[in-house]
Amino acid sequence: MNPDEVRTVFITGFPQDVKERELNNLLRFLPGYEASQMHWKNGQAQGFALFSNGATARTAIDSSHNLTFDETTTLRCELARKNMYIKDDQAAKRGRYGAEPQAAPYTAYAPNPAPQQPAYYQPSPVAAPAAMPAGPRAYTNVSNTKDNPPCNTLFIGNLGDTVSESELRNIFGTQPGFCQLKLNRGLKSVTCFVEYTDIASAMAVHASQQGAVLTSSDRGGIRIQFSKNPYGKKRDMAGNYVTTIPGQGPGDYMSQAASGYEPTTVPGEGVKAEGEPDPVA
DNA sequence: AGCACA
């Protein structure tokens with residue numbers, strides 16, 4: 001690899017009170033992610049994120065540029081002028097996709113103890129059971145210029161006509177926080193809605209699976225947008241959320257702030273427990 | 001680009 005190649009993404013547009021860990025958690029599931037850090041230049045937050053190479057860095061830019069970070073802020077992503085310097089303590093923030101460090105100074109501790117990511121992402125051969133479903137063949141850049149504000153429900157477009165529910169379950173149902181999905185065979189196009197327990201979990205999938213090329217894909221990768229309405233809800237004539245499926249409170253997933261990214265559930269345990277309070281900003 | 005619904 002060309003050591004001079006710029007593989008660092010420069011991100012601005014964060015709200016004043018953003019935390020570095022919000023940056024880390026926003027990006028850590030992207031292919032090629034290695035590390036990220038937040039700098040503050042006279043009160044303005046500036047994010048830097050290192051990827052394995054220029055290609056994965058550009059893919060990250062494509063999927064996060066103009067991303068609506070919260071109600072009032074939109075992120076600007078571009079290639080940095082020069083690569084960021086990785087401090088030793090960045091190791092704890094490393095993603096699981098990153099190339100292992102040459103001299104392996106990080107092997108003394110487990111960078112990512114949570115075994116919640118799909119096994120097909122695990123770089124270690126010993127950790128990859130043969131029975132795991134195959135992941136996406138590849139990722140392509142998809143245009144996603146008209147996305148909506150973050151929502152706990154994802155809208156999946158650009159699906160091939162032959163896409164199956166199990167194919168979608170393999171990719172979306174294995175992600176932390178998964179609740180349910182619905183495949184929709186329209187006359188003109190096939191779409192899918194995927195619900196997660198919280199916005200943070202949906203945001204992680206929105207970023208990590210953007211442009212995934214499925215076995216059935218015949219027109220490039222899938223396009224992932226945040227749904228206009230949370231699963232099980234619609235808007236009434238006054239524009240307020242109305243529950244259309246019993247068991248979900250009004251409006252909670254859209255008013256929840258896009259912070260506190262820790263997914264609270266593991267695959268298969270996505271359904272909110274009875275009486276559990278709604279997340280509060 | 002297409003936003004469904006016990």
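Reminder, nothing fancy here: chain letters follow the sequence lines and each chain counts from 1. As the structure is a prediction and not an experimental result, all values here were calculated from the model.
Here the side chain of Lys182(A) is nearest to one of dG2(B), dC3(B), dA4(B), namely dA4(B). You'll find that the side chain of Tyr231(A) is closest to dA4(B), out of dA1(B), dA4(B), dC3(B). Checking dA1(B), dA4(B), dG2(B) against every side-chain atom of Thr153(A), the shortest atom distance belongs to dA4(B). The side chain of Phe155(A) lies closest to dC3(B), out of dC3(B), dA1(B), dA4(B).
Contacts of Arg169(A) classified as salt bridge (Lys or Arg N to Asp or Glu O under 4.0 Å), with partners at least two apart in sequence or in another chain: Glu165(A). For Ser164(A), the side-chain contact (heavy atoms from CB on, under 4.5 Å) partners at least two apart in sequence or on another chain are Ser166(A), Glu167(A).
Atom CZ in Arg219(A) sits roughly 11 Å away from atom C1' in dG2(B) (whole-Å rounding). Asn184(A) places its CG atom 14 Å from the P atom of dG2(B), with the value rounded to the nearest Å. As rounded to whole Å, 13 Å separates atom C1' of dA1(B) from atom CZ of Phe193(A). One can place CG of Leu183(A) at 16 Å from P of dC3(B), the figure rounded to the nearest angstrom. Here the P atom of nucleotide dC3(B) and the CD1 atom of Ile156(A) are 14 Å apart, to the nearest Å. Separating the CG atom of Asn144(A) from the P atom of dA1(B) is a distance of 9 Å, rounded to the nearest angstrom. As rounded to whole Å, 14 Å separates atom P of dA6(B) from atom CG of Asn229(A). Remark: C1' of dC3(B) and CG of Leu159(A) are 13 Å apart, rounded to the nearest angstrom.
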Problem set entry | Residue pair Asp147(A), Lys228(A): steps toward the salt bridge (Lys or Arg N to Asp or Glu O under 4.0 Å) verdict | CA-CA 9 Å; Asp147(A) 208 337; Lys228(A) 290 173 183 167; over 6 Å; no

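Taking the centre of each ring, Phe155(A) and Phe226(A) stay at or above the 6.0 Å mark. In this structure, Phe10(A) has its ring center under 6.0 Å from that of Phe48(A).
Residue Gly186(A) is classed as having no contact, given no heavy-atom separation below 4.0 Å to the nucleic acid.
Put simply, the side chain of Arg185(A) and the base of dG2(B) share no donor and acceptor less than 3.5 Å apart. Between the side chain of Ser227(A) and the base of dC3(B) there is at least one donor-acceptor pair of N/O atoms closer than 3.5 Å.
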